[in-house]
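Heads up: the structure comes next, in structure tokens.
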Number of protein chains: 2
Amino acid sequence: MTEQLSSEKQAAILDAARKRFAYYGFSKVTMDEIAADIGMGKASLYYYFPTKESLFQEVVRQESNQFLGDIQSMIDDRIKPCDMLRQYALRRIEHFKNLANLRALQFQQNSEVRLPFVELFNDFKKQEVNLLQQILVIGKKSGEFAISDPQHSAVIVMQMLYGPRAWILHSRENKLDEETFLAFEQSAKEIVEIILNGIKKRK
Amino acid sequence: MTEQLSSEKQAAILDAARKRFAYYGFSKVTMDEIAADIGMGKASLYYYFPTKESLFQEVVRQESNQFLGDIQSMIDDRIKPCDMLRQYALRRIEHFKNLANLRALQFQQNSEVRLPFVELFNDFKKQEVNLLQQILVIGKKSGEFAISDPQHSAVIVMQMLYGPRAWILHSRENKLDEETFLAFEQSAKEIVEIILNGIKKRK
DNA sequence: TTTTCGACGGAATTACTGAAACAGTCGAAT
DNA sequence: ATTCGACTGTTTCAGTAATTCCGTCGAAAA
């Protein structure tokens, strides 16, 4: 079980890295610090992870996959669609909490928004939309959700959860080009309709 | 009508300032540029406005008051509550467009988020919530909205419109303290319920 | 053979400094 | 009452020196 020992060390590194990254963000953590946390030399970290970036990515990937896996198995359990959606949303809040400052960093300093990280987060977002679509399709088929296009609705609900503002900041160079604005305007209008449905009295 | 002439000049300054500020943000606009736009010397601007900051504030205040005034008079017209809410949301998108980069600046660089501006925007937010509350109270009284607490709902809808993410970035030093997170968590959960109501099939 | 680490090189970040830009003032001109 | 050129003190910025930190390597330990 030498491999077991190796992955134990690896897990320890990932754990220490997660704690530091989640609190201080990527650039304000040094490899020396992470190594010191688990009583190792910095050079040893490079035996397990080729770069600092890959270590960070692995931390995010692990946490994200945990979340996505949980949701997927919940869907597979075939509980009521209504509860699926509620559980998903609550679990999502939890997940966001775990990666709090890690994710918040997306919307902070430009310097932190490195291309590989953007790709990582966008990939996660895509998978999340996909899960949401599954839930909505099930909800529609079973007749519990009054939606015409689950694919479309999923994107809107996601947008709602991410917040319209996040959208804008995502646009290149923090500037509002016409294209970005039209997309924002469109989804903002659709969100309004959902809000209306949400608070209108049932007939 | 010498005063009329004065306020005409003042209006011209405000107009030039609005155009520049809305596009480039506060710090990337110089008083010289604004003055040049209307063919005046910079020093003359200081005859009408004591500081650059006061000029900026006046621009925001004017645009905001226009918006708030429009909504108020729409409410006074006593149209259907449902249309009130829809109109409000659409007009809000329009308003946001006018102040696009002016407002976007709230969520960008730290350097731009100066205390007097935060207060200005928070003040606007308060007034906006108040209008929204009026609409919801009317909607509830007339029996068109199925909400228990209009005061509370107004805050939630606002949060939805501003986006939960914006909330987080608002917190001091861009750091997620416990208090901020609890507030976020609470409202996120409530937003979930609204989403659910919005897409659930009517019985 | 697998894992750890001290010591080192080079790239990137920070701290520093001098020059340029800018907000705001003042007194004269209109 | 209103405009403006010329000036001042502060802030911003570009360029540079000093430092930090990522990542490597060869030796040592297990």
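Throughout, a chain's letter reflects where its sequence line sits, starting with A, and its residues are numbered from 1.
Using cut-offs of 30° and 60° for the angle between ring planes, the F26(A) and F21(A) rings count as parallel.
Note: OH (Y48(B)) to P (dG24(C)) measures 18 Å, nearest angstrom. Per the geometry, CG belonging to L55(A) stands 15 Å off C1' belonging to dC21(D), to the nearest Å. Rounded to an integer number of Å, the gap from CD of Q10(A) to P of dT4(C) is 11 Å. In this structure, I13(A) places its CD1 atom 11 Å from C1' of dT3(C), rounding to the nearest Å. Put simply, CD1 on I38(B) is 13 Å from C1' on dC4(D), counting in whole angstrom units. The CE-P distance, from M40(A) to dT2(C), rounds to 16 Å in whole Å. Spacing between atom OH of Y47(A) and atom P of dT24(D) amounts to 15 Å, rounded to whole angstrom units. Distance CD1 (I34(A)) to P (dC5(C)): 15 Å, rounded to an integer number of Å.
Nearest heavy-atom pair, L132(B) versus A154(B), reported as atom, atom and distance to 0.1 Å: CD2-O, 3.5 Å. For the residue pair I135(B) and F145(B), the shortest heavy atom distance occurs at O-CE1, 4.2 Å. When every heavy atom of P150(B) is checked against every heavy atom of Q133(B), the shortest pair comes out as O-CG, 4.2 Å. Shortest non-hydrogen contact noted between M74(B) and Q87(B) is SD-CB, 3.2 Å. The minimum heavy-atom distance between M31(A) and L45(A), with the atom names listed, is O-CD2, 3.6 Å.
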Give me, pair by pair, the N or O atoms of the protein and of nucleotides 8-10 of chain D that are less than 3.5 Å apart, along with how far apart they are.
none

Polar pairs (N or O, both sides) under 3.5 Å between protein and nucleotides 20-23 of chain C?
from, atom 1, to, atom 2, distance (Å)
dA23(C), OP1, V29(B), O, 3.4
dA23(C), OP1, M31(B), N, 3.4
dA23(C), OP1, K52(B), NZ, 3.3
dA23(C), OP2, M31(B), N, 3.2
dA23(C), N7, K42(B), NZ, 2.8

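Note on the helix from dT1(C)-dA30(D) to dT30(C)-dA1(D): terminal axis deviation equals 40°, with five pairs used at each end and the result rounded to 10°.
Residues forming a side-chain hydrogen bond (donor to acceptor under 3.5 Å, both in side chains) with T51(B) (at least two apart in sequence, or on another chain): S54(B). Partners of D77(B) under the side-chain hydrogen bond (donor to acceptor under 3.5 Å, both in side chains) rule, at least two apart in sequence or in another chain, do not exist in this structure. With sequence neighbours excluded, the residues that form a side-chain hydrogen bond (donor to acceptor under 3.5 Å, both in side chains) with D37(B) are R20(B).
Residues K42(B) and T30(B) fail the side-chain proximity criterion, which asks for heavy atoms closer than 4.5 Å.
Closest to the side chain of S44(B), from the set dT3(C), dT3(D), dG6(C), is dT3(D).
Between atom CG of residue N65(B) and atom CD of residue Q127(B) there is a gap of 6.5 Å, rounded to the nearest 0.5 Å.
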